[in-house]
Amino acid sequence: MAAFWAGVTGGTPATAGEVVFLPPAGPDGFAMFCQPLERPLPDRLPVHLDLTVQ
């Protein structure tokens, strides 16, 4: 998933254990964290977005 979003946003992924951080690719970009689930995959994939609007 992190590789897909890195390709879409142009960000360079940085890993810390199993967590991947995608920093903003530019001044108007956005950052993302990707982390694995610690339980079996549910019927619906949980996604949580925190957006900051200026």
Please set out all donor-acceptor pairs under 3.5 angstrom arising from side-chain atoms of residues 5-19, sequence neighbours excluded.
unit_1: T9; atom_1: OG1; unit_2: W5; atom_2: O; d: 2.8
unit_1: T9; atom_1: OG1; unit_2: G11; atom_2: N; d: 3.2

Out of curiosity, does F4 fall in the hydrophobic cluster containing M32 (side-chain heavy atoms, cut-off under 4.5 Å, transitive links)?
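M32 and F4: one cluster.
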For the student: nearest non-hydrogen atoms of P24 and G29, plus distance:
CB-C, 3.8 Å
